[in-house]
Enquirer: 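Structure in structure tokens, see below.
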Amino acid sequence: MSPPELSAAEARRAALRAQGVLGAGSRRGGVPAMLERLGAVQLDTISVLARSHELVAYSRLGPVGREAVERAYWSGGRAFEYWAHAACVLPADQWPLFAFRRRQFRARGQRWHQVPEGVGEKLLARLRSEGPLTSTELGGAKRGGPWWDWSEVKVAVEWLLDLGEVVCATRRGFRRVYDLPERALPSPVLAASEPDDRDCVRALAEISGRALGVATAGDLADFHRLKRAELLAALADTSLVEVRVAGWREPAWAHPAALAALETRGRHRTTLLSPFDSLVWDRRRTLRMFGFEHRLEAYVPAPKRVHGYFAMPLLAGGRLVGRVDPGREGRTLVAKRATVEPGAVGALAGALREAATWVEADNVEVRELRPPELTPALRAALRD
């Protein structure tokens, strides 16, 4: 029996609903519920308007208070930080599922730097006696060179984090606060037996399938940076259903909840997205799903940037219809460069006004719009 076939529009709708940008039900429960639904929220040091993990919550929930966002991630033992798609905030109940990665790190013996002998034991003793500490409080993160020129303390404590001997369950001024798992994580999570590698991968495939709605094996593996072979070996033991999507070259898998909700109607969110948002963090999937080429240009020399330093895709009506490179000057939200489809000028104006409200800006200024002939229409829409 051949797998059921979905249209490209159905696959896109399933992904949007799974990601919490389609349907009012996905906004219930605030940030904690959003984190559970998404399964992982990527962190990044770049802060434009706000940091990426704050932007992800804003994109789903609207102008939710930024302090409430931070509390939801970093208090009450609800979450911890670990290596998933990249450095991500993860629901606390996922701690046992990353045992496979902690075992892989231990077998490898190091990650980026050679671990200095004896330093880790001293740091653990300090954490036991003094409580949670940042790397600065432990003795300093860097030696004065580039960002990867870590001190022995930073190398050792990050290695302890990799192994799960310490955990980051909160941040202070966006600095990791290191603590012992038995203090920072809920006791039921720590009491749970650690699954073997295959069961870890199977459970993570379920999580990524639920978060993506419909996905290829490559999409599912990329979500947690799993090896494709180990992901494929575990798929048969999940609830994910193999499907065909019109126009996709590869087979795909759909979460049963996504298939059940295909005929359910809902309101689409109009919003700006962080480039690190899980709806668009996989560039190949974004092109396949939305026909939208997206690239983060923060590390591209300024003269070579096409869309800007931190171009944020514009989501409207279930499509990606433009992008904005934003900034803030005083009480003004500045769109340094914006690109928009002709029919989406109103959506762009609405997204800019809402973002300005969220960051407590009184005005919106668009300095460059492509195509430029839409500028009068955008100005009128912003006034209205």
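All figures in this text were calculated on a predicted structure; none of them were measured in a lab.
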Enquirer: Does a donor on one side chain sit under 3.5 Å from an acceptor on the other, for Tyr178 and Glu158?
Expert: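 Checked: Tyr178/Glu158 side chains pair up, N/O donor to acceptor below 3.5 Å.
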
Enquirer: Evaluate the criterion side chain to side chain contact (heavy atoms under 4.5 Å, CB included) for residue pair Val119 and Trp159; output intermediate values, then yes/no.
Expert: CA-CA 11 Å; Val119 177; Trp159 180 238; over 6 Å; no

Enquirer: Are any of the side-chain nitrogens in Glu152 or Lys122 under 4.0 Å away from the carboxylate oxygens of its partner?
Expert: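 Looking at Lys122 together with Glu152, the answer is no, because their closest N to O distance does not fall below 4.0 Å.
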
Enquirer: For the backbone of Thr45 and the side chain of Arg51, can you confirm whether one donor and one acceptor N or O come within less than 3.5 Å of each other?
Expert: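 Side chain of Arg51 to backbone of Thr45: a pair is present.
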
Enquirer: Once rounded to the nearest 0.5 Å, what's the spacing between atom CG of Leu314 and atom CG of Leu320?
Expert: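 The CG atom of Leu314 sits 8.0 Å away from the CG atom of Leu320.
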
Enquirer: Counting C-beta onward and ignoring hydrogens, is there a side-chain heavy-atom pair between Glu137 and Glu130 closer than 4.5 Å?
Expert: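 No. Closest side-chain heavy atoms not under 4.5 Å.
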
Enquirer: Find out whether Pro181 and Leu190 are in side-chain contact, i.e. whether some heavy atom of one side chain is under 4.5 Å from a heavy atom of the other.
Expert: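 Yes, side chains in contact.
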
Enquirer: Glu5: which residues meet the side-chain hydrogen bond (donor to acceptor under 3.5 Å, both in side chains) condition with it, sequence neighbours left out?
Expert: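 Once residues adjacent in sequence are excluded, Glu5 has no partner under the side-chain hydrogen bond (donor to acceptor under 3.5 Å, both in side chains) criterion.
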
Enquirer: Would a hydrophobic clustering, with Ile, Leu, Val, Met, Phe, Trp and Tyr connected at side-chain separations under 4.5 Å, put Met312 with Leu348?
Expert: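 Looking at the clustering, Leu348 is in the same group as Met312.
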
Enquirer: Run the ring-ring contact (aromatic ring centres under 6.0 Å, His included) test against Phe310 and tell me which residues pass, sequence neighbours left out.
Expert: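 ring-ring contact (aromatic ring centres under 6.0 Å, His included) list for Phe310, sorted by chain: empty.
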
Enquirer: Hey, can you tell me if Phe80 and Phe98 have their rings parallel, tilted or perpendicular (30° and 60° cut-offs)?
Expert: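 Perpendicular: the ring planes of Phe80 and Phe98 meet at over 60°.
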
Enquirer: Run the salt-bridge test on Asp237 and Arg198 with the 4.0 Å N-O cut-off and return the result as yes or no.
Expert: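 Arg198 and Asp237: salt-bridged.
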
Enquirer: Output all residues satisfying ring-ring contact (aromatic ring centres under 6.0 Å, His included) with Phe276, sequence neighbours left out; order by chain, then residue number.
Expert: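 Counting only residues at least two positions away or on another chain, Phe276 forms no ring-ring contact (aromatic ring centres under 6.0 Å, His included).
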
Enquirer: Show your reasoning for whether side chain to side chain contact (heavy atoms under 4.5 Å, CB included) applies to Asp325 and Arg367.
Expert: CA-CA 10 Å; Asp325 183 29; Arg367 292 192 175 152; over 6 Å; no

Enquirer: Excluding sequence neighbours, so at least two apart, what forms ring-ring contact (aromatic ring centres under 6.0 Å, His included) with Trp358?
Expert: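 So Trp358 forms a ring-ring contact (aromatic ring centres under 6.0 Å, His included) with Tyr58.
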
Enquirer: Can you confirm whether more than 12 heavy atoms, excluding those of Gln104, are under 6.0 Å from its CD atom?
Expert: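 Atom CD in Gln104 is crowded, with more than 12 foreign heavy atoms closer than 6.0 Å.
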
Enquirer: Has Arg101 got its NZ or CZ under 6.0 Å from the middle of the six-membered ring of Tyr82, at an angle within 45 degrees of the ring axis?
Expert: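 Not flagged: Arg101 not positioned over aromatic ring of Tyr82.
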
Enquirer: Who pairs with Arg283 by salt bridge (Lys or Arg N to Asp or Glu O under 4.0 Å), at least two apart in sequence or on another chain?
Expert: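 Not a single residue meets the salt bridge (Lys or Arg N to Asp or Glu O under 4.0 Å) criterion with Arg283.
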
Enquirer: What about Val41 and Leu296, same hydrophobic cluster or not, with Ile/Leu/Val/Met/Phe/Trp/Tyr joined at side-chain heavy-atom distances under 4.5 Å?
Expert: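 Hydrophobic grouping puts Val41 apart from Leu296.
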
Enquirer: Around Gln114, counting heavy atoms of other residues, nucleotides and ligands shown, do more than 12 lie under 6.0 Å from its CD?
Expert: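 No - once you tally the heavy atoms of other residues, nucleotides and ligands closer than 6.0 Å, there are 12 at most.
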
Enquirer: Provide the closest heavy-atom pair for Phe174 versus Asp44 in the form atom of the first, atom of the second, distance.
Expert: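 Closest approach of Phe174 to Asp44, heavy atoms only: CZ-O, 3.4 Å.
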
Enquirer: Please output the side-chain donor-acceptor pairs of residues 242-263 that fall under 3.5 Å, not counting sequence neighbours, one pair per line with the distance.
Expert:
from: Glu250; atom 1: OE1; to: Arg228; atom 2: NH2; distance (Å): 3.1
from: His255; atom 1: ND1; to: Ala257; atom 2: N; distance (Å): 3.1

Enquirer: Which residue pairs satisfy the side-chain hydrogen bond (donor to acceptor under 3.5 Å, both in side chains) criterion with at least one member in residues 264-277, sequence neighbours excluded?
Expert: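 For residues 264-277, and leaving out neighbouring residues, the side-chain hydrogen bond (donor to acceptor under 3.5 Å, both in side chains) pairs sorted by first residue read Ser52-Ser274, Arg60-Asp277, Arg269-Glu354.
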
Enquirer: Give every donor-acceptor pair under 3.5 Å between a side-chain atom in residues 202-216 and any protein atom, sequence neighbours left out.
Expert:
from: Glu206; atom 1: OE1; to: Ser239; atom 2: OG; distance (Å): 2.9
from: Glu206; atom 1: OE2; to: Ser239; atom 2: N; distance (Å): 2.5
from: Glu206; atom 1: OE2; to: Ser239; atom 2: OG; distance (Å): 3.2
from: Ser208; atom 1: OG; to: Leu204; atom 2: O; distance (Å): 3.2
from: Ser208; atom 1: OG; to: Ala205; atom 2: O; distance (Å): 3.1
from: Arg210; atom 1: NH2; to: Glu36; atom 2: O; distance (Å): 2.6
from: Thr216; atom 1: OG1; to: Gly218; atom 2: N; distance (Å): 3.4
from: Thr216; atom 1: OG1; to: Asp219; atom 2: N; distance (Å): 3.1
from: Thr216; atom 1: OG1; to: Asp219; atom 2: OD1; distance (Å): 3.2
from: Thr216; atom 1: OG1; to: Asp219; atom 2: OD2; distance (Å): 3.2

Enquirer: Would you please name every residue forming a ring-ring contact (aromatic ring centres under 6.0 Å, His included) with His85, sequence neighbours left out?
Expert: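 For His85, the residues satisfying ring-ring contact (aromatic ring centres under 6.0 Å, His included) (neighbours in sequence not counted) are Trp281.
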
Enquirer: Apply salt bridge (Lys or Arg N to Asp or Glu O under 4.0 Å) to Glu165 and list each qualifying residue two or more places apart in sequence or on a separate chain.
Expert: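 Arg106.
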
Enquirer: State which residues pass salt bridge (Lys or Arg N to Asp or Glu O under 4.0 Å) with Arg284; sequence neighbours excluded, sorted by chain then number.
Expert: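 Result, salt bridge (Lys or Arg N to Asp or Glu O under 4.0 Å) vs Arg284: none returned.
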
Enquirer: With heavy-atom distances below 4.5 Å as the criterion, would you say the side chains of Leu235 and Leu220 are in contact?
Expert: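 They are in contact (side-chain heavy atoms under 4.5 Å apart), so the answer is yes.
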
Enquirer: For residues 373-384, which residue pairs qualify under side-chain hydrogen bond (donor to acceptor under 3.5 Å, both in side chains), counting only residues two or more places apart or in two chains?
Expert: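 For residues 373-384: none.
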
Enquirer: Between the side chain of Thr170 and the main-chain N/O of Trp74, is any donor-acceptor distance below 3.5 Å?
Expert: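 Yes, the answer is positive, given that a donor and an acceptor are paired below the 3.5 Å cut-off.
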
Enquirer: Would Ser278 and Val56 count as a side chain to side chain contact (heavy atoms under 4.5 Å, CB included) if you check the C-alpha gap in whole Å, the side-chain angles of each, and the deciding distance to 0.1 Å?
Expert: CA-CA 8 Å; Ser278 51; Val56 168; 5.7 Å; no

